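The model shown is predicted, which means the values in this text are computed figures rather than measured ones.
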Amino acid sequence: MDSKVRVRFAPSPTGGLHLGGVRTVLFNYLFAKHHGGEFILRIEDTDQTRFVAGAEQYIIDTLNWCGLVPDESPLHGGAYGPYRQSERKAIYTQYANTLIEKGFAYYAFDTQEDLEEKRKQLPNFQYSPAHRMEMKNSISLSESEVSELLKKNTPYVIRIKIPDDEEVVFTDIIRGEVRFDVSTVDDKVLLKADGMPTYHLAVVVDDYLMKITHAFRGEEWLPSAPVHILLWKYLFGLDKMPKWAHLPLILKPEGSGKLSKRDGERLGFPVFAMDWSDPTTKETTVGFKEKGFLPEAFINFLAMLGWNDGSDKEIFTIEELIAAFDLERVHKGGAKFDYEKAKWFNQEWIKKTDNTILAELLQPFFDQEKIEIHERSYLIKVIGMVKDRCHLLTDFITQSSFFFAAPTTIDTSAILPKWEEKKHVFFTALVQSFQEMSGKPLAAELEANFKTLAASHEIKPGDLLLPLRIMLVGGKFGPGVFDIIEAIEIPDTIKRIEHSLQLLSEK
RNA sequence: GGAGCGUUCGACUAAGGGUUAGGUCACCUCCCUUUCACGGAGGUAAUACGGGUUCGAAUCCCGUACGCUCUACCA
């Protein structure tokens with residue numbers, strides 16, 4: 001008896017992977033690894049009308065970036081393949097036929113038009129025991145009529161025959177006992193006219209064949225759980241059924257409802273894990289990765305959305321998450337996504353991450369901005385100076401670009417109101433004193449020199465520090481002024497002061 | 001309309017019959033910092049409502065309200 005934990009994430013490749021999807025992966029992964037089990041990626045590509053080129057690769061890339069690598073997948077292979085449902089078509093047909101033979105399913109010949117017409121007549125129409133005799137199917141029609149239709153290759157679907165009066169009860173790991181009166185669900189299509197299964201059939205058949213022990217999915221699936229349970233009962237037996245857990249939803253930050261791609265666009269934050277370019281519209285949706293998130297931070301805040309270990313601990317490494325994860329502590333209620341808190345997690349992870357590693361991660365961001373970095377060691381030093389004030393990797397650009405090139409704009413409006421001739425004289429003298437210096441003076445020496453000079457000009461250092469800062473970095477931000485001078489060194493400092501002096505005298 | 005699920009500070013959450021209902025983000029004040037941050041010290045702020053059960057309820061039970069999800073030959 002093989003009792004090894006096996007879980008799966010089964011997305012349909014229709015576009016970018018969003019927060020909710022990644023969190024479902026995460027909880028699957030954490031659960032599997034916590035129990036020493038296996039995590040499987042299965043591609044649910046049974047809807048050929050929604051096929052999107054590149055979406056499968058995108059999912060795999062995203063999982064890689066997150067560090068949630070499957071043990072079995074279309075790419076990694078495994079003993080229970082193929083892992084793409086489109087390649088398993090024959091398997092589903094076989095089980096659909098079994099269902100027909102056993103009387104748990106039937107052929108339905110209604111066209112799309114028939115159904116639309118019926119729905120127009122009956123606003124709350126359900127293809128259910130109450131109405132199925134009014135439709136065109138192998139229950140309402142005579143045997144000869146059915147075989148005639150079949151012989152003529154009339155398109156048909158296979159529908160599950162939901163029992164009239166039965167209660168389905170199952171235990172959800174998160175929600176406890178959930179009961180459904182099956183009469184409220186309709187005869188779901190199991191096999192479509194194109195021969196492809198719907199999700200309902202495919203998920204049951206594949207979970208069985210792939211020996212899935214625990215099935216986790218979003219709460220939106222709860223209402224169709226009775227269909228799946230019935231199918232398990234008819235096909236494989238309830239004792240073989242995986243344990244279910246329906247995960248709470250991730251909600252919009254404001255208002256209510258499921259978080260959507262549109263919310264991100266409207267409110268200015270990412271929703272997808274990584275950049276996603278729609279191959280047909282060419283529209284690109286920004287991802288957490290490109291926005292400047294560390295995967296560790298992304299995973300960390302996703303884990304805390306709906307779960308905690310019972311303590312006040314919030315910063316977790318993936319190893320710590322694996323060790324502490326417990327499905328029983330996952331919430332029932334949905335959680336609103338808070339971008340500010342997400343950024344806080346990222347900031348904590350930036351602080352935690354070694355400067356050498358940050359330098360490597362940051363290089364592409366600097367490249368993209370065309371900021372040339374001549375020495376990696378200098379970059380690493382600069383990172384150490386500014387990392388405390390960065391929430392996102394992209395913040396490093398604004399916080400440190402002046403270390404690599406003179407600022408392109410100088411906020412003279414912040415200097416001008418208090419600017420006076422004697423300050424101009426002072427800065428000219430400062431430049432001169434710099435010119436007389438040799439080598440690479442340290443911040444402390446620079447500060448002492450500056451203060452002596454200020455005193456001799458009878459100006460408070462405080463009145464001079466802000467102008468000097470703005471001359472060097474362009475605005476009111478950045479690390480200590482003298483640390484900056486030490487880093488960019490004297491010749492550059494002189495150039496920047498002289499440039500600003502000129503700008504100021506032009507005004 | 002029907003079915004299911006849910007509801008603690010603005011947000012994420014802790015408290016599994018007994019706490020002045022705790023922590024974090026955000027916000028405010030102060031300290032540190034001759035910038036912006038980091039850091040430190042404080043502060044504002046919540047058990048949806050109504051009934052029970054109980055000496056005692058955020059916690060257990062029942063209603064109500066509100067919200068969400070689903071109700072496709074999409075997942």
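Residue-to-nucleotide proximity on RNA chain B shows that, of A:D388 and A:F109, the 5′-proximal contact is made by A:D388. Mapping A:L191 and A:A342 onto RNA chain B via the closest heavy atom, the residue that lands nearer the 5' end is A:A342.
Between the side chains of A:R8 and A:N28, no donor-acceptor pair is found at a separation under 3.5 Å. Counting only N and O atoms by type, the side chains of A:Y199 and A:D47 include no donor and acceptor under 3.5 Å apart.
Among B:C73, B:G39, B:G4, the nucleotide with an atom closest to any side-chain atom of A:F180 is B:G4. Distance from the side chain of A:K258 is smallest for B:U69 among the nucleotides B:U69, B:G39, B:C73. Distance from the side chain of A:R389 is smallest to B:C36 among B:C73, B:C36, B:A26. With distances taken from any side-chain atom of A:K451 to the nucleotides B:U35, B:C74, B:U34, the minimum falls on B:U34.
At a threshold of 4.0 angstrom between heavy atoms, the contacts of A:K188 are confined to the sugar-phosphate backbone, with no base atom among them. Using a 4.0 Å heavy-atom distance criterion, A:V386 is classed as making no nucleic acid contact. Within the 4.0 angstrom heavy-atom criterion, only backbone atoms of the sugar-phosphate kind lie near A:Q126; the bases stay farther away. If you check every strand for non-hydrogen atoms under 4.0 Å, A:K351 touches sugar and phosphate atoms only. Using a 4.0 Å heavy-atom distance criterion, A:D47 is classed as a sugar-phosphate-only contact. No contact: A:L464 has no heavy atom under 4.0 Å from any strand. Using a 4.0 Å heavy-atom cutoff across all strands shown, A:T46 reaches sugar-phosphate atoms only and no base atom. Residue contacts for A:R217: at a heavy-atom cut-off of 4.0 Å it reaches no nucleic acid atom on any strand shown. As judged by a 4.0 angstrom heavy-atom cut-off over every strand, A:P123 is placed among residues making no nucleic acid contact. At a threshold of 4.0 angstrom between heavy atoms, the contacts of A:V157 include nucleobase atoms, whether or not backbone atoms are also involved. In this structure, A:D187 reaches neither bases nor backbone, as no heavy-atom distance under 4.0 Å exists between it and the strands shown. As judged by a 4.0 angstrom heavy-atom cut-off over every strand, A:L222 is placed among residues touching the sugar-phosphate backbone only. Across all strands, A:S224 comes closer than 4.0 Å to no nucleic acid atom at all (heavy-atom distances).
Under the Watson-Crick and G-U wobble criteria, each requiring two contacts below 3.5 Å, nucleotide B:A15 is left unpaired. B:C68 is paired with B:G4 under the criterion used here, namely a Watson-Crick or G-U wobble arrangement in which both key atom distances are under 3.5 Å. Both distances falling under 3.5 Å, in either a Watson-Crick or a G-U wobble arrangement, occur for no nucleotide opposite B:C9. Of all nucleotides present, only B:G40 satisfies the Watson-Crick or G-U wobble test against B:C30, with each distance under 3.5 Å. Base-pair partner of B:U20: not found among the strands shown (Watson-Crick or G-U wobble, both distances under 3.5 Å). When Watson-Crick and G-U wobble pairs are counted only if both distances are under 3.5 Å, B:G63 pairs with B:C49.
Taking 4.0 angstrom as the limit, A:K313 places none of its side-chain polar atoms (N or O) nearer than this to OP1 or OP2 of B:G23. For A:R50, no side-chain nitrogen or oxygen approaches OP1 or OP2 of B:A75 to under 4.0 Å.
If you take NZ of A:K476 and P of B:U34, they are 16 Å apart, rounded to a whole angstrom. Taking atom CG of residue A:D186 and atom P of nucleotide B:A72, one finds them 6 Å apart after rounding to whole Å.
A tilted orientation is assigned to the rings of A:Y339 and A:F293, their planes being inclined by 30° to 60°. Classification of the A:H246-A:F170 ring pair by plane angle, with boundaries at 30° and 60°, yields perpendicular. Using the six-membered ring where Trp is involved, A:F325 and A:W307 have ring planes that are tilted, between 30° and 60° apart.
Within the 4.5 Å cutoff, the side chain of A:I383 has heavy atoms near those of the A:F396 side chain.
Exactly one of A:Y156, A:Y127, A:Y106, A:Y107 qualifies for a side-chain hydrogen bond (donor to acceptor under 3.5 Å, both in side chains) with A:N137. That residue is A:Y127.
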Look for any protein N or O under 3.5 Å of an N or O in nucleotides 12-14 of chain B and output each such pair with its distance, or none.
from: B:C12; atom 1: OP1; to: A:K336; atom 2: N; distance (Å): 2.9
from: B:C12; atom 1: O2'; to: A:M304; atom 2: O; distance (Å): 3.3
from: B:U13; atom 1: OP1; to: A:G306; atom 2: N; distance (Å): 2.8
from: B:U13; atom 1: OP1; to: A:H331; atom 2: ND1; distance (Å): 3.4
from: B:U13; atom 1: O3'; to: A:N308; atom 2: ND2; distance (Å): 2.8
from: B:U13; atom 1: O3'; to: A:H331; atom 2: NE2; distance (Å): 3.0
from: B:A14; atom 1: OP1; to: A:N308; atom 2: ND2; distance (Å): 2.7
from: B:A14; atom 1: OP1; to: A:H331; atom 2: NE2; distance (Å): 3.0
from: B:A14; atom 1: OP2; to: A:H331; atom 2: NE2; distance (Å): 3.2

Provide a list of protein-nucleic acid N or O atom pairs under 3.5 angstrom, restricted to nucleotides 58-65 of chain B.
none

